Amino acid sequence: SSSGTRSKPGIQLGPTYPIQYLKTMQNYSTEMDKKLLGHVMIDMTCFKSGVMVPYHKSHVWDSYHVKLPHLYPRPQSYNKSHAPPTRWEATCHALRKLTKGSNSIGDVQTAIMSYNSNNKDKWTFDALYLYGQRLHSVDNNLDSLIPKMAKLALDLPDLIKQPIPLLRQQQNQAITMSQQQISSLLANAFFCTFPHRNDTKPGSEYANFPTINFSSLFANEKDSERLNQKGEKLRAIFHYFNTVTKESHDQGPAKPDGLVSFERISIPPSQLPDWNKQKMPLRNLHVSSEGSIEKEGTGMLQVDFANKYIGGGVLKSGLVQEEILFLMSPELIVARLFTEKLADNECLKITGPQMYSLSSGYSRSFFWKGPFDDCTKRDVWKRRYRQIVAIDALELKYPKDQYTKENITRELNKAFVGFHGNPKTAIATGNWGCGAFKGDHTLKALIQLMAAAVAERDMAYFTFRNKELANEIQEIHEILTKNNVTVDKLYKWLKEFCGQHAREHNSQADLYGFIKVKIGFRASLL
Ligand code: AR6
């Protein structure tokens, strides 16, 4: 569908670039097959002969790798014979109890607190209780699900047999793991077993990483509406665990058995484009006020309107584009385990995640709508043809701050880091940085178009039901392309606009009006 109507009387817009002509992953399947896998957590020789087993290599406990719960060292001061159980022994004891069946939410709480006693005065489980009360026969049966989740968490030492590198800042590094390995890591996150990950104070060991243990998702909220929203989040999470713990004879979608890659991309500042010198015109654009990145953008490079801490508030109360995406595709949540916060010249690209759920509504009106049976084809590495790029826009305190050369350049670079690379599938995006982060829609749309031009990709832009914006973007795109305006020229105008904006910052910013004057635009020229 397209917005393709007239924007203003007298200005006739041509048809929107048809979405079916935009390039998608499957046009590029062989190129996708070659794409970097990075650090692979399964044995590739076995994989090639059709068997999925973990790759073996000695574990380490250091600051370059994820501190896995089963490696937690025994305190040295104890002599062996009188030693209290290690944290993992305590964890196994508690989780094994849960595998025996018929568990209440209270039992889950008792288990989690038994090896997290430091937090006994801090953690609450109200959201989990609320979910439990509502549940009955509606979605999953917790009585049978909790034991399977506990078993999945306990399987970690058998599933992960080599260190998982941390994707630290300014490193180009990728991790590929099986969906089964991810599910076990997430089961551990659910039961809050990851050591050293509960302290988020500045200066703490993992202060630069997102949280991974789910304790914050279970916690109470002052506002009852927010508590309800957490109940909806938990429905999505439990549905995911229900799917990944399926027995082969169970009905419905089979247990996932593919791979997923997580790639941190950092482009050194010296290799970023000089925006004063980019002589290329804008690329094709499909604009639509209907549809979403996740659905209509299927097969394209889908933009995650990210937080620099990947996943943002998914394990708390956040519930906008990124969080909803992560709840529908919970495999994305595992990125929080190993992805250090993104710097200005970095992004995280995820290839192959599966979608498990459908949702409806947004933010306060969000609810879990039901299961989604993902039939997206897989590449030779058994990754779904779905690629997501997490780019974090500037979080603006005052919207006027965005009209500076530095901030515009920062956003151009960030978008470029996300969009560059192969295959050159179209980008599916929208109002990046313009909701929670308060950016100007017209400025951000132009910035993304400029970055896409330099990265040589077409774009599908979903305005999230904003018809007026769809018309505005379509019109300016048409004027710019008809007049062969190139990226360097637009950059120059943006800088001029910043100067003018600084002088007259009381007036409403009309960027597109300013650009039209620059082109000497008259409706008859279109
Ligand atoms: N498809 C297309 N457009 C969408 C969709 C969608 N599925 N969802 C939302 N929009 P926002 P930000 C539009 O606020 O400003 C999170 O907490 C809609 O118009 O999610 O970059 C992250 O973790 C919406 O207002 O992105 C960060 O902390 C606009 O896109 C922070 O929010 C922006 O969506 C990022 O904030």
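Whatever order the structure lists them in is the order used to number ligands and atoms, beginning at 1. Bear in mind that the values here come from a model prediction, so they are computed numbers and not experimental data. FYI, side chains are in, hydrogens and waters are out, and symmetry mates aren't considered; it's all heavy atoms of this structure.
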Report summary line: Looking only at protein heavy atoms, what sits closest to atom 1 (N) of ligand 1 is Ile293 N, 3.4 Å
Query raised in the report: Does even one non-hydrogen atom of Gly430 get within less than 4.0 Å of ligand 1?
Result: no
**Report entry** Tyr206 six-ring face occupied by Arg197 cation (under 6.0 Å, within 45°)
**Finding:** yes
Query - Atoms in ligand 1 flagged as close to Gly433, the criterion being non-hydrogen separation under 4.0 Å - result: 12 (P), 15 (O), 21 (O)
**Report entry** atom 15 (O) of ligand 1 - nearest protein heavy atom and its distance
**Finding:** Gly435 N, 2.8 Å
Report summary line: Of Phe462, Phe464, Tyr309, Phe326, the residue with the heavy atom nearest atom 10 (N) of ligand 1 is Phe464
Requested in this report: Could you tell me whether some N/O pair between Ala436 and ligand 1 is separated by less than 3.5 angstrom?
Outcome: yes
Report task. Look only at interatomic distance and state if Val320 has a nitrogen or oxygen under 3.5 Å from any nitrogen or oxygen of ligand 1. Result -> no
Report task. Could you tell me whether Arg364 and Glu225 have a side-chain N and a carboxylate O separated by less than 4.0 Å? Result -> yes
Requested in this report: For ligand 1, find out whether one of its N or O atoms is nearer than 3.5 Å to an N or O atom of Phe437.
Outcome: yes
Query raised in the report: Does a side-chain N-to-carboxylate-O contact under 4.0 Å join Arg168 and Glu340?
Result: yes
Query - Contact list for residues 302-314, test salt bridge (charged side-chain N to carboxylate O under 4.0 Å, His left out), sequence neighbours left out - result: none
**Report entry** Nearest-0.5 Å distance, CG of residue Leu227 to OG of residue Ser317
**Finding:** 10.5 Å
Report task. For atom 28 (O) of ligand 1, state which one of Ile310, Asn307, Asp304 supplies the nearest heavy atom. Result -> Asn307
Query raised in the report: Do the side-chain N and O atoms of Asn345 and Asn413 include a donor-acceptor pair separated by under 3.5 angstrom?
Result: no
Requested in this report: Tell me which protein heavy atom sits closest to atom 17 (O) of ligand 1, plus the residue, atom name and distance to 0.1 Å.
Outcome: Glu323 OE2, 2.6 Å
**Report entry** Cys434 near ligand 1 by a heavy-atom separation under 4.0 Å
**Finding:** yes
Requested in this report: Determine whether the side chains of Gln354 and Arg384 contain a donor N or O and an acceptor N or O closer than 3.5 Å.
Outcome: yes
Query raised in the report: Does Tyr362 have a non-hydrogen atom less than 4.0 Å from ligand 1?
Result: yes
Report summary line: for atom 29 (C) of ligand 1, nearest protein heavy atom and its distance come out as Asn431 O, 3.3 Å
Report task. Ignoring hydrogens and angles, state whether a donor on the side chain of Thr176 or Ser261 is under 3.5 Å from an acceptor on the partner side chain. Result -> yes
**Report entry** From Trp432, Tyr461, Phe305 - option closest to atom 26 (O) of ligand 1 by heavy atom
**Finding:** Phe305
Query - ligand 1 N/O within reach of Glu322 N/O, cut-off under 3.5 Å - result: yes
Report task. For Asp199, check salt bridge (Lys or Arg N to Asp or Glu O under 4.0 Å) against everything at least two apart and list the hits. Result -> Lys201
Requested in this report: Going by the ring-ring contact (aromatic ring centres under 6.0 Å, His included) test, name the single residue among Trp123, Tyr131, Tyr129, Phe190 that passes it with Phe218.
Outcome: Phe190
Report task. Between Glu395 and ligand 1, find which residue part has any heavy-atom pair under 4.0 Å and reply side chain, backbone, both or neither. Result -> neither
Requested in this report: Supply the atom-to-atom distance Tyr21 OH to Asp458 CG, rounded to the nearest 0.5 angstrom.
Outcome: 13.5 Å
Query raised in the report: Between Glu294 and ligand 1, does any nitrogen or oxygen pair lie at a separation below 3.5 Å?
Result: yes
Requested in this report: Provide the number and element of each atom of ligand 1 under 4.0 Å from a heavy atom of Gly312.
Outcome: 23 (O)
Query raised in the report: For atom 20 (O) of ligand 1, which of Glu296, Lys316, Gln321, Lys295 has the closest heavy atom?
Result: Gln321
Query raised in the report: Any salt bridge between Lys414 and Asp344, counting N to O under 4.0 Å?
Result: no
